[in-house]
4 protein chains.
Amino acid sequence: MQPVDSGDEEAKRSFIEEARRGQIVRAAVETIAEEGYARASFVRIAARASVSPGLITYHFKTKERLLRQVLEYVDARLDRAMEGGPEPLTGFEDGLRRIVTGHVMHCSLHPREMAVRQEIGGADVPAPVREWIARGEEAGRAEMVGFLTEGQGHGEFRTFDPEVFTDALFAALNHAPARLRRRPPEEHEDYARELARLFAAAATGREPSD
Amino acid sequence: MQPVDSGDEEAKRSFIEEARRGQIVRAAVETIAEEGYARASFVRIAARASVSPGLITYHFKTKERLLRQVLEYVDARLDRAMEGGPEPLTGFEDGLRRIVTGHVMHCSLHPREMAVRQEIGGADVPAPVREWIARGEEAGRAEMVGFLTEGQGHGEFRTFDPEVFTDALFAALNHAPARLRRRPPEEHEDYARELARLFAAAATGREPSD
Amino acid sequence: MQPVDSGDEEAKRSFIEEARRGQIVRAAVETIAEEGYARASFVRIAARASVSPGLITYHFKTKERLLRQVLEYVDARLDRAMEGGPEPLTGFEDGLRRIVTGHVMHCSLHPREMAVRQEIGGADVPAPVREWIARGEEAGRAEMVGFLTEGQGHGEFRTFDPEVFTDALFAALNHAPARLRRRPPEEHEDYARELARLFAAAATGREPSD
Amino acid sequence: MQPVDSGDEEAKRSFIEEARRGQIVRAAVETIAEEGYARASFVRIAARASVSPGLITYHFKTKERLLRQVLEYVDARLDRAMEGGPEPLTGFEDGLRRIVTGHVMHCSLHPREMAVRQEIGGADVPAPVREWIARGEEAGRAEMVGFLTEGQGHGEFRTFDPEVFTDALFAALNHAPARLRRRPPEEHEDYARELARLFAAAATGREPSD
DNA sequence: CATGAATGAGCGTTCATTCAT
DNA sequence: AATGAATGAACGCTCATTCAT
């Protein structure tokens, strides 16, 4: 869902450097998730990682680069989770529902990571990061539009503007972490199924079967 | 859509004080909408209002209080616009569609004000403001849940979790300003109708008639 | 000797702002002269002015702008001092000697200010300041080259490359503050006269008369 | 021109240690010359030497000691170059002119090394280095004063204060690298000759013969 | 009522130096 | 002999807020 940042000179990193980078990225995720992006200063992230603030700059050079790593970390895990289960899709409606449930359940399992996406998305992030996020979102959006259009071509989906549908769907998915936070974990699966039924009904114009 | 901030000692305010407060609130709206919440410092808001920064504190005491007034101003205008047109509702589906189109068209007509709601919603706002926003949202949410439940009781809406539906609907409505910004104004009405059809289909489980 | 920074929007400043700006500029001069440019941080300058560091940014916006004011202050005083005494010049040699003695005596009377020019000239100053200094120096150099060429035209100076002469003269003048610092003040006038005789001899190829 | 740093415990150094030290010193010279003293951090010098920053401290203990070695390296090469050509001096004026041309031509042939002397001389160098430089300069100055006094004793030089003359001469020589940088290399020899004629005229009070 | 000068904490980043490996 | 990870203080600058006028 995010562009591969191939071409950057990350090159070979020592084992211990990789470990520290991971530790700092995870500390940044925690800090942003729990204190908010605006409070996620190097001092606070460093404190959470039990490390000096200078070390963050040492490993990431700039805050922008750290943010990029944070987003890559979060999105990589999301992408992996979204790759779909082993059972074959029975159709486009099934595909749409799996996208929704997959995303929501990932939010349930990794609430802090997913909260970070929202925090950063809405915050006063450096311009290059904002553009990088926008490019990633645009790619995801295009993929979804293509999927919906295909479903319409197969007659499985009703006639609607796939762009508008994608806007609504992504808005709902992005807000999922905030809403799940207010519900006990045992309800999350129901939440996922309900949201999937909602968008299935919206896409097909039929009462969802299940 | 926002709770009345009853209990605060706004009491008696001179005419000129009210004028100044309004001027500053409008300047704050413009500043947040055009430069973003993070850049909306007292100095910049004051400059836009052609006023000294100290005057803002004089009239509002803290930034938190100014933000509250900004949100009250914006939400009051939104609430007024959402009160519905003169023609009587033909049913719950019609009501739902009017909520969606009304909100979207308000975003189209007053993009800066609506952008402010989003900016502030996602930003590093003081905790009391965050809570105040949450209370306001909860009230709106409850109203919507009631409406949907009633529609289900009348058999006009299919069976679904009204809370989940409300989450998805409000998420889509709150993102509308950001999405409309990317489209020419003449398409906004289509956007509103499409989004309304989407949620109508989701609520009824039927192909929307119009 | 420095370009007029006309065109900047310094506009009308309140009396007390002008006073504070002057106080800060003088504190900066003292700090640079006594601790060196590298140690002239906002914190230290502010301490010397008995003021908070934030106030410097408040009045000057950036360090670059403060430096510019410092240089303007110093150069304005130097230029005024160099305008020459009341007695008419008796010739080009006399003119050259007055330039030298005028400059050296100014260094004697205002050693800290003149030390600042050297400190800043040799330091890791922001690029725009460096360019501004360079433009000012180039203007002074051109004036001197013109003066020397004219003196050669009148046959009062021997044949030499005026550019090279100017380089040597300005180098010597710029180092004067450092050298005077090592001598008791009562010798400064002798120093000035000796340096003037040196360059008079170099320019005329004759034993200086006085 | 620089005092022997006798008394330091450089003592016995292995061959490979000497090699490393030389490599680092040369990297420091390049870094200071091309990026300026202020940008010549251990990290950058180490990168240029393809070495780790820790190694610099390992070999030199402190930045101050590295700077000392840098200056010794540069000054040693300058001293060797200044030792004068094979032809015997024809007199004091000849000696003076050879000093000037020798120095200027060395600046032309080794501009980076000579730029380093200036960079360090004017920068925020640690106090002990500044003192060490001062001692070195004082030694050179004393030598020059002696030479000039002797020339006056032989009647070849006019009556002037040798200290003042030395100040002016050294100032001009130290600024030579900066001025040469602005001229094409083929003019450097002319520059050297012109500067030599200037100081010859200043010293003798006569039109230079050549 | 209104000004705008003033504060001081906090920000991201750089740096010489240390030290475990 | 050499690495490079790690530290912590200092930097210029921004900000909400205070207060003398």
Side-chain angles (χ1 to χ4, degrees), chain A residues 13-17 19-21 38-46 49-66 126, chain B residues 14 16-17 19-20 38-47 50-66 126, chain C residues 13-17 19-21 38-46 49-67 124 126, chain D residues 14 16-17 19-20 38-47 50-66 126:
Chain A
R13 274 203 254 274
S14 75
F15 168 73
I16 127 160
E17 169 154 24
R20 269 284 188 247
R21 286 175 63 97
R39 235 88 68 193
S41 69
F42 276 20
V43 173
R44 274 196 264 264
I45 294 170
S50 305
V51 132
S52 76
L55 191 61
I56 302 181
T57 308
Y58 177 74
H59 282 300
F60 295 92
K61 202 71 186 164
T62 65
K63 188 166 201 184
E64 183 206 315
R65 293 252 250 270
L66 169 61
Chain B
S14 77
I16 130 164
E17 172 154 19
R20 273 281 189 244
R39 238 83 70 192
S41 68
F42 275 21
V43 173
R44 273 194 268 264
I45 294 170
S50 305
V51 131
S52 77
L55 191 61
I56 302 181
T57 313
Y58 175 75
H59 281 301
F60 297 92
K61 201 67 188 166
T62 65
K63 187 166 202 182
E64 179 208 318
R65 294 255 252 268
L66 169 61
Chain C
R13 275 203 253 275
S14 74
F15 169 72
I16 125 162
E17 169 155 23
R20 270 283 188 249
R21 288 174 63 96
R39 233 90 66 195
S41 69
F42 276 19
V43 173
R44 274 196 265 264
I45 294 170
S50 304
V51 132
S52 76
L55 190 62
I56 302 181
T57 308
Y58 175 75
H59 282 299
F60 295 93
K61 201 73 184 162
T62 64
K63 187 164 201 186
E64 183 206 315
R65 293 252 250 271
L66 170 60
L67 280 178
D124 178 40
Chain D
S14 78
I16 129 163
E17 171 154 21
R20 273 283 189 244
R39 238 83 71 192
S41 69
F42 275 21
V43 172
R44 273 195 267 264
I45 294 169
S50 305
V51 133
S52 76
L55 192 61
I56 301 181
T57 313
Y58 176 76
H59 281 300
F60 296 93
K61 201 67 187 165
T62 65
K63 189 165 200 184
E64 178 209 318
R65 295 255 251 269
L66 169 60

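A note on names: the letters A, B, ... follow the listed sequences, proteins ahead of strands, and every chain is numbered from 1.
Applying the side-chain contact (heavy atoms from CB on, under 4.5 Å) test to C:Tyr58 and every residue at least two apart in sequence or in another chain returns C:Leu55. Shown here are the salt bridge (charged side-chain N to carboxylate O under 4.0 Å, His left out) partners of C:Arg44, two or more places apart in sequence or in another chain: C:Glu35.
Nearest heavy-atom pair across C:Arg21 and C:His59 is NH1-O, 2.9 Å. Summarising the geometry of C:Ser52 relative to C:Ala46, their closest heavy-atom pair is C-CB, 3.7 Å, with the distance given to 0.1 Å. Residues D:Ala40 and D:Ile45 share a closest heavy-atom pair of O-CD1, 3.6 Å. Pairing each heavy atom of C:Phe60 with each of C:Arg65, the nearest pair is O-CB, 3.1 Å. The minimum heavy-atom distance between B:Ser41 and B:Lys63, with the atom names listed, is CA-NZ, 4.3 Å. Taking all atoms of both residues into account, the shortest heavy-atom contact from D:Ile56 to D:Phe42 is CD1-O, 3.7 Å.
In this entry the distance linking CD1 of A:Ile45 with P of E:dT13 reads 11 Å, nearest Å. Across the protein-nucleic acid pair, A:Arg65 atom CZ and E:dT13 atom P stand 10 Å apart, rounded to whole Å. In this structure, the CG atom of B:Leu55 is 8 Å from the C1' atom of E:dT3, given to the nearest Å. Rounding to whole angstrom units, CG of residue A:Leu66 and P of E:dC11 are separated by 14 Å. Between the CZ atom of C:Arg44 and the C1' atom of F:dG12 there is a distance of 13 Å, rounded to whole Å. When the P atom of F:dG12 is taken as reference, atom CZ of C:Arg39 falls 13 Å away, rounded to whole Å. As rounded to whole Å, 14 Å separates atom C1' of F:dA6 from atom CZ of A:Phe60.
The 5' end of DNA chain F is approached more closely, in terms of each residue's nearest nucleotide, by A:Ser50 than by the other of A:Ser50 and C:Ala38. Between A:Ala40 and B:Ile16, the residue whose closest nucleotide on DNA chain E is further toward the 5' end is B:Ile16.
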* Asked: Under a 3.5 Å cutoff on both atom distances, Watson-Crick or G-U, what's the dot-bracket for DNA chain F ([ ] crossing, | other strand)?
  -> .||||||||||||||||||||

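No contact: D:Ile56 has no heavy atom under 4.0 Å from any strand.
At E:dG4, none of the side-chain N or O atoms of B:Ser52 fall inside 4.0 Å of OP1 or OP2 (strictly under the cut-off). Side-chain nitrogen and oxygen atoms of A:His59 include none within less than 4.0 Å of the OP1 or OP2 phosphate oxygen of F:dG4. Contact check, A:Arg20 against F:dG4: no side-chain N or O comes under 4.0 Å of OP1 or OP2.
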Pull out every protein N or O sitting under 3.5 Å from an N or O of nucleotides 17-21 of chain E, one pair per line with the distance.
from: E:dT17; atom 1: OP2; to: D:Lys63; atom 2: N; distance (Å): 2.6

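Interatomic distance, C:Arg20 CZ to C:Ser14 OG, rounded to the nearest 0.5 Å: 11.0 Å.
Which of F:dT3, E:dA16, E:dC1 sits closest to the side chain of D:Ser41 comes down to E:dA16.
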